Amino acid sequence: MAAFGTVFMPEMSISWFDGEGWSTAERVASDSIQLHPGAHVLHYSSTCFEGLKAFRHQDGSIKIFRMDRNIARFAQSSELLSLPAIDPAQTEAMILDIVKHFAADVPEPPGSMYIRPTHFGTEPAIGKAAAPSLTSCQYILLSPVGDYFSGGDTTLRLLLDDTGMRCAPHMGMIKSGGNYASALNPILEAKKELQADQVLFCPGGDVQETGAANFLLIDGDEVITKALDESFLHGVTRDSILTIAKDLGMKVSERQLTVDELLERAAKPGCEAALSGTAAVLTPVGTLIHKGQEYKVGNGGVGETTVKLRQALNAIQWGQAEDKHGWLTSI
Ligand SMILES: Cc1ncc(COP(=O)(O)O)c(C=O)c1O
């Protein structure tokens, strides 16, 4: 199977902001866009994006998962980056139009159609390091994907980094390319030197998130994860898993979690940890690496509760369980 996010539908929906208003969205070829080499985004990283999925149900219908949440985060990222404001109704119409156009290509579960709204500053102005782009572009790109997590007994190895940071603290809740660029070097180093799969950023001992997913600790019937603040991305999957955990009668604790507490709890036999995200869904973590030592989470294997929560989320997404929170939008 092709690597996640490397296959694209041949068309995308696009709209341009000319300084006064958004152009009528159009479907255009998805293999190129024309930009001035002085475009604001190429110099000052005025860009944000989203990631959400459309699923095929057994009756042939196509449903998009928590589109409203992703559009709200897209609007917020745009605002916090001083990009032109998006019109959420227009973005929604663009998503619905392009997914409908390629409805026949939405894979069967466990696959899905990954939807990538993107917004960036286009103004040709290389003297605007401290001024916003007055013009911009947004498009909705589609990529059919398989199951990111191959399942089986595989668990992730995470390096706990309590000195570095994923990104500047005030940027954490913005889904912007620069944040991923700033996390790349530490992740590559951890992969090379420690065969880690990811880095769990814990600046000053505060357990935050990895490069592209939120972190959840599951201790018995309690799920513990960092409370929302501006330092990390407010994952839609995180919110969905916490809601499902509450529905299943579990205790959900959104609060500060320190590296010391994490290592102490991880040593208990039944403890589990997982990463949550649109791509990762809920992927089990088996090993934590800290200051040259390796610590198993529980028995180091795939945790029962992690599997149960993941299956409960997938069942809603795939139309096998009731959508009682109204998370699915029909196209
Ligand atoms: C840095 C980061 N944290 C968390 C997440 C999880 O967010 P979501 O569940 O909305 O996909 C993502 C994206 O997948 C991410 O890139």
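Just so you know, ligand 1 is whichever comes first in the structure, and atom 1 is the first atom listed for that ligand. What you see is a predicted model, and the numbers here were worked out from it, not measured in a lab.
- Ring-centre distance between Phe215 and Phe232: not below the 6.0 Å cut-off.
- At a heavy-atom distance under 4.0 Å, only backbone atoms of Ser276 (N, CA, C or O) approach ligand 1.
- In terms of protein heavy-atom proximity, atom 7 (O) of ligand 1 is closest to Gly235 CA, 3.4 Å.
- Salt bridge Arg66/Asp239: present, at least one basic N to carboxylate O contact under 4.0 Å.
- A salt bridge links Glu261 with Arg255: the distance from a Lys NZ or Arg NE/NH1/NH2 to an Asp or Glu carboxylate oxygen falls below 4.0 Å.
- If you number the atoms of ligand 1 from 1 as listed, the ones under 4.0 Å from a heavy atom of Arg166 come out as 1 (C).
- At the shortest separation from atom 13 (C) of ligand 1 among protein heavy atoms lies Lys175 NZ, 3.1 Å.
- Residue contacts with ligand 1 include Ala213, since one or more of its heavy atoms lies under 4.0 Å from the ligand.
- Which parts of ligand 1 touch Asn214 is read off a 4.0 Å heavy-atom cut-off, strictly below it: atoms 4 (C), 6 (C).
- Closest to atom 12 (C) of ligand 1, if we only count protein heavy atoms, is Ala212 O, 3.4 Å.
- Each of Glu123, His43, His40 was checked for a side-chain hydrogen bond (donor to acceptor under 3.5 Å, both in side chains) with Lys128, and the lone residue meeting it is Glu123.
- Nearest to atom 10 (O) of ligand 1 by heavy-atom distance, out of Thr278, Asn70, Val236, Thr210, is Val236.
- A heavy-atom separation below 4.0 Å is not found between Ser240 and ligand 1.
- Here Glu294 pairs with Arg157 in a salt bridge; the nearest charged N to carboxylate O distance falls below 4.0 Å.
- Taking the ring centre of Phe74 as origin, the terminal cationic atom of Arg69 falls outside the region bounded by 6.0 Å and 45° from the ring axis.
- Near Gly277, meaning under 4.0 Å from one of its heavy atoms, ligand 1 places the atoms 6 (C), 9 (O), 11 (O).
- Using a 4.5 Å heavy-atom cutoff, the side chains of Thr122 and Leu35 are in contact.
- Within the 4.5 Å cutoff, no side-chain heavy atoms of Phe17 are placed close to those of His119.
- Near Gly211, with a cut-off below 4.0 Å to any heavy atom, the atoms of ligand 1 are 1 (C).
- Distances from ligand 1 to the non-hydrogen atoms of Tyr180 include at least one value under 4.0 Å.
- Counting only heavy atoms from C-beta outward, the side chains of Met9 and His101 never approach each other to under 4.5 Å.
- Residue contacts with ligand 1 include Arg73, since one or more of its heavy atoms lies under 4.0 Å from the ligand.
- Thr237 OG1, 2.6 Å is the protein heavy atom nearest to atom 9 (O) of ligand 1.
- For atom 4 (C) of ligand 1, the choice among His234, Met173, Glu209, Arg238 with the nearest heavy atom turns out to be Glu209.
- When Phe120, Tyr139, Tyr180, Tyr114 are each tested for a ring pair (Phe, Tyr, Trp, His ring centres under 6.0 Å) with Phe49, only one passes: Tyr180.
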